[in-house]
Amino acid sequence: MTIGAVVIGRNEGERLKRCLASLHGATDQIVYVDSGSIDGSVEHARSIGAEVVDLDTSRGFTAARARNAGLARLKDGHAPTYIQFVDGDCEVQPGWIAAARSFLDANPDAAIACGRRRERFPDASPYNRRCDREWDTPVGRTKACGGDALMRVVALEDVGGYNPGLIAGEEPEMCVRLRARGWEIWRLNEEMTLHDAAMTRFRQFWKRAQRGGFARIEGVAMHGGPPERHNVKETVRILFWGLALPIAIFIGVLVVSPWILVLALAYPLQTARIALREGGTTVAWEQAWLLTVGKFAETHGMFDYLWRRIRGVKGGLIEYK
């Protein structure tokens, strides 16, 4: 059984160098898929022996399209049994691929094994800390994985790989299709990758949350019906806080009474509820505030998706770096 690696990136610089170095010796073949970098990423990847796929710049870049291109390149020769997908801003931890491979070897119904992704610099900003908390999901059988994971090639072939038209949320969407075919997704209690979000500004946080909202409602459009109801509950929650409540307050003030403004206290109360649930520390309050404010950014992303769909415009990348 062989293992290939597909790394995707765009202008990741030193992050990409760390990523590629972390894969040497752990996989049999490395393919780097580049989305129009101008920082020497392609030249560096070739210099260390990685195969390089330059995506056609005449078509829109998406992570899903890049991953499919890497998969296709690996299958040009002797297709590997497993593929480690990893984003170019991540570093694979020693021992991860061996542990994930052992798990997939022992569990033939498992299509994907993912582990613990951590932020390299969680204390560099509140936004990095938010990312680090997001990565910490429960161990065991799960519904979806993220961009870093070891995947079984026959399972990917079974569902036709990633949907190249998605600008975000491509892994959860593919996992819906995998589970519908009887495959399982597992998160292991193993250190998998170090991620460098490099988010130091609020605008970056907003853009990233906006992209998340875009992905959520697009997931609803694709798989929101029974039995999956993909992203439906999360989307309803976001739209309540980011749209329905503000509209209700605005109309109430105009039609009923200025005292309706008291409903706006729901936001600080919600922030307090989350913060106290998480221990009431300074960091807990910080993260609770970001979660509350993030609902507006996610709502922004949902309207962005709907507006593009109404106009028949394909979604372009929403980049935060």
Side-chain angles (χ1 to χ4, degrees), residues 8 10 35 60-67 87 89 117 119 125-135 137 143-147 162-176 195 197-225 228-250 266-267 270-271 274 287-321:
I8 65 170
R10 184 182 186 203
S35 297
F61 297 131
T62 68
R65 179 187 165 209
R67 296 192 214 284
D87 294 340
D89 57 1
R117 181 196 250 200
E119 278 303 311
S125 73
Y127 320 118
N128 279 12
R129 277 192 289 274
R130 180 70 246 144
C131 282
D132 197 57
R133 296 291 293 274
E134 286 179 14
W135 308 143
T137 56
K143 285 189 172 184
C145 67
Y162 292 86
N163 183 330
L166 300 181
I167 69 168
E170 64 275 2
E171 292 89 10
E173 189 281 328
M174 184 176 71
C175 287
V176 169
H195 176 257
M199 281 199 296
T200 58
R201 302 185 304 277
F202 180 78
R203 183 177 183 277
Q204 291 176 287
F205 165 78
W206 183 277
K207 276 287 185 182
R208 185 174 180 274
Q210 177 188 345
R211 186 180 66 182
F214 190 108
R216 284 200 186 282
I217 199 164
E218 188 167 29
V220 170
M222 298 177 71
H223 303 291
E228 185 65 35
R229 299 190 65 78
H230 180 54
N231 286 345
V232 170
K233 185 182 296 184
E234 297 85 353
T235 298
V236 169
R237 187 181 302 118
I238 291 165
L239 289 176
F240 170 79
W241 290 103
L243 180 66
L245 184 55
I247 288 177
I249 293 171
F250 179 75
Y267 292 99
Q270 171 71 349
T271 301
I274 297 170
Q287 296 300 302
W289 179 78
L290 287 177
L291 275 173
T292 302
V293 171
K295 296 294 188 292
F296 295 99
E298 290 172 300
T299 300
H300 178 187
M302 291 180 181
F303 272 87
D304 186 14
Y305 167 76
L306 292 172
W307 180 236
R308 294 186 193 190
R309 184 164 181 173
I310 289 170
R311 293 181 298 152
V313 176
K314 290 185 178 180
L317 289 180
I318 301 175
E319 297 182 288
Y320 70 89
K321 287 185 181 178

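Although no hydrogens or angles enter the test, the distance criterion places no donor-acceptor pair under 3.5 Å between the side chain of T62 and the main chain of G165. Counting only distance, with no hydrogens or angles, the side chain of Y320 and the backbone of A209 share no donor-acceptor pair below 3.5 Å. Judged by distance alone, with hydrogens and angles left aside, the side-chain atoms of N231 form no donor-acceptor pair with the main-chain N or O of I217 at under 3.5 Å.
From I310, atom CD1 reaches atom OH of Y305 across 10.5 Å, with rounding to the nearest 0.5 Å. Note: K143 NZ to T137 OG1 = 13.5 Å, rounded to the nearest 0.5 Å. Atom CZ of residue R65 and atom CZ of residue R67 lie 14.0 Å apart, to the nearest 0.5 angstrom. The distance from the CD1 atom of I318 to the CD atom of Q210 is 4.5 Å, given to the nearest 0.5 Å. The CE atom of M302 sits 10.0 Å away from the CG atom of L243 when rounded to the nearest 0.5 Å.
Of all heavy-atom pairs spanning C131 and A197, the tightest one is SG-CB, 4.0 Å. Shortest non-hydrogen contact noted between E228 and H223 is CB-O, 3.8 Å. Across all non-hydrogen atoms, the minimal contact from C145 to E171 is O-CB, 3.3 Å. Closest of all the heavy-atom pairs between A64 and E170 is CB-CB, 3.8 Å. Closest non-hydrogen pair, N128 versus E119, comes out as O-CG, 3.4 Å. Taking each heavy atom of S35 and F61 in turn, the nearest pair found is O-CE1, 3.4 Å.
Partner E319 forms a side chain to side chain donor-acceptor pair (under 3.5 Å) with one of R211, K207, Q204, R10 and no other, that one being R10.
Under the ring-ring contact (aromatic ring centres under 6.0 Å, His included) criterion, F205 pairs with Y127, F202, sequence neighbours left out.
Here R309 does not pair with E218 in a salt bridge; the nearest charged N to carboxylate O distance is not below 4.0 Å.
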Between side-chain atoms of residues 287-298 and protein atoms elsewhere (two or more places apart, or another chain), which donor-acceptor pairs fall under 3.5 Å?
{"unit_1": "Q287", "atom_1": "OE1", "unit_2": "R130", "atom_2": "N", "d": "3.2"}
{"unit_1": "Q287", "atom_1": "OE1", "unit_2": "R130", "atom_2": "NH1", "d": "3.2"}
{"unit_1": "Q287", "atom_1": "NE2", "unit_2": "P126", "atom_2": "O", "d": "3.1"}
{"unit_1": "T292", "atom_1": "OG1", "unit_2": "T271", "atom_2": "OG1", "d": "3.0"}
{"unit_1": "T292", "atom_1": "OG1", "unit_2": "A288", "atom_2": "O", "d": "3.0"}
{"unit_1": "K295", "atom_1": "NZ", "unit_2": "L291", "atom_2": "O", "d": "3.4"}

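By the 6.0 Å contact criterion, CZ on R311 is enclosed, its count of non-hydrogen atoms from other residues, nucleotides or ligands being greater than 12. Around the CZ atom of F303, the shell of radius 6.0 Å holds no more than 12 heavy atoms that belong to other residues, nucleotides or ligands.
Counting heavy atoms from C-beta on, the side chains of D89 and H195 come closer than 4.5 Å. Using a 4.5 Å heavy-atom threshold, the side chains of V220 and R216 count as separate. The shortest distance between side-chain heavy atoms of R208 and E134 falls below 4.5 Å.
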Residues L245, Q270; criterion side chain to side chain contact (heavy atoms under 4.5 Å, CB included); working and verdict: CA-CA 13 Å; L245 184 55; Q270 171 71 349; over 6 Å; no
